[in-house]
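For reference, the structure is listed below as structure tokens.
Quick note: numbers below take in every heavy atom, side chains included, and nothing from hydrogens, waters or symmetry partners. We count ligands from 1, going down the list as the structure has it; atoms in each ligand are counted the same way.
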Amino acid sequence: MELMEPFSSKLDLRVGTLEPSARILRRHLSDMQEMYADQKRIRRMLEGGLDPLIYEVYLSPVPEVEGQLPYSTTIIYPGKVGHEFFMTKGHFHVKRDRAEIYLGLAGDGHLVMQKEDGTVRSQRMAPGTAAYVPPFWAHRTVNTGTVPFAFFAVWPGDAGHDYRTIETTGFAKMMVSRDGRAVLVGNPRYR
Ligand code: M6P
Ligand code: ZN
């Protein structure tokens, strides 16, 4: 493993930006259109030239290898596709027995987790919430509020991101707005 010099980062606790970051990942609706339930609406939005920025990930300069602890901040913008709240793509770890820790920084959100057998659990996240993603649970975050939702994350460097499983099956449940409240309902696109 590469021998690194100690360093620190500047985290803006109100906005969620991270400096320095090795890379900033930006995902628009067109980068994750298959994740949402209302496919007709998405087609209409994209054809009408509407491709909103859903979230940004500020990645630390820590290499993703065994023994390291890479970290990031994520900012999910407020918004919905139909009734479904803006959210991250969500992933399992390639090495399924690797865990992750999230810390809420700003705004209101939910952390939705799912085991390979389709069991779903969710945790509300507010500033100061430390949420634990145990090994074997896929994880996705959702902005269930009206302002940007930001959180910090740290995970084992050799965990790896498996997006394929979620892309093919989806999450069994999705977070929607019903009578002004965020609720988890069955996802019609879950296979
Ligand atoms: C958190 C961490 C990252 C992840 C990001 C966005 O910052 O879990 O590893 O990349 O959220 O989530 P996703 O990769 O599922 O789009
Ligand atoms: Zn992860």
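- R27 counts as a contact of ligand 1, since one of its heavy atoms falls under 4.0 Å from the ligand.
- The aromatic rings of Y71 and F7 lie parallel to each other, with less than 30° between the two planes, well short of the 60° mark.
- Of the residues listed (L105, T17, D12), the one engaging T73 in a side chain to side chain contact (heavy atoms under 4.5 Å, CB included) is L105, and it is the only one.
- Take the Zn ion (ligand 2) and draw a sphere of radius 2.8 Å; the protein N/O/S atoms inside it number 4.
- With a 4.5 Å cut-off on side-chain heavy atoms, F149 and D108 do not count as touching.
- Using a 4.0 Å cut-off between a side-chain N of Lys or Arg and a carboxylate O of Asp or Glu, D31 and R26 do not qualify as a salt bridge.
- On a distance-only criterion, G90 and ligand 1 share at least one N/O pair closer than 3.5 Å.
- Counting non-hydrogen atoms of other residues, nucleotides and ligands closer than 6.0 Å to CD of Q123 gives a total of 12 or fewer.
- Below 3.5 Å of separation, one finds an N or O of H91 facing an N or O of ligand 1.
- In summary, the atoms of ligand 1 found under 4.0 Å from a heavy atom of Y102, numbered by their order in the structure, are 1 (C), 2 (C), 8 (O), 11 (O).
- In terms of protein heavy-atom proximity, atom 2 (C) of ligand 1 is nearest to E100 OE2, 3.2 Å.
- Nearest non-hydrogen protein atom to atom 5 (C) of ligand 1 is T74 OG1, 3.8 Å.
- Taken to the nearest 0.5 Å, the OG1 atom of T144 stands 5.0 Å off from the NE2 atom of H110.
- Among protein heavy atoms, the minimum distance from atom 9 (O) of ligand 1 is reached at H161 NE2, 2.7 Å.
- Any N or O atom pair closer than 3.5 Å counts here, and T73 shares no such pair with ligand 1.
- With 3.5 Å as the limit, one finds no donor-acceptor pair spanning the side chains of H93 and H161.
- Side-chain atoms of S30 never come within 3.5 Å of backbone atoms of D51 as a donor-acceptor pair (strictly under, hydrogens ignored).
- Of the charged side-chain nitrogens involved, at least one lies within less than 4.0 Å of a carboxylate oxygen, so that R96 and D162 count as a salt-bridged pair.
- The option from T88, I75, L111 that lies nearest to atom 12 (O) of ligand 1, judged by heavy atoms, is T88.
- Considering backbone and side-chain atoms alike, Y163 places an N or O below 3.5 Å from some N or O of ligand 1.
- A single hydrophobic cluster is seen to contain both L50 and M32, as judged by linkage of ILVMFWY side chains at heavy-atom distances under 4.5 Å, directly or through other members.
- Within ligand 1, the atoms closer than 4.0 Å to a non-hydrogen atom of Y55 are 6 (C), 13 (P), 16 (O), numbered from 1 in the order shown.
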Hey, mind stepping through Y77 and E56 against side-chain contact (heavy atoms from CB on, under 4.5 Å) and telling me if it holds? CA-CA 9 Å; Y77 290 95; E56 297 176 301; 2.6 Å; yes

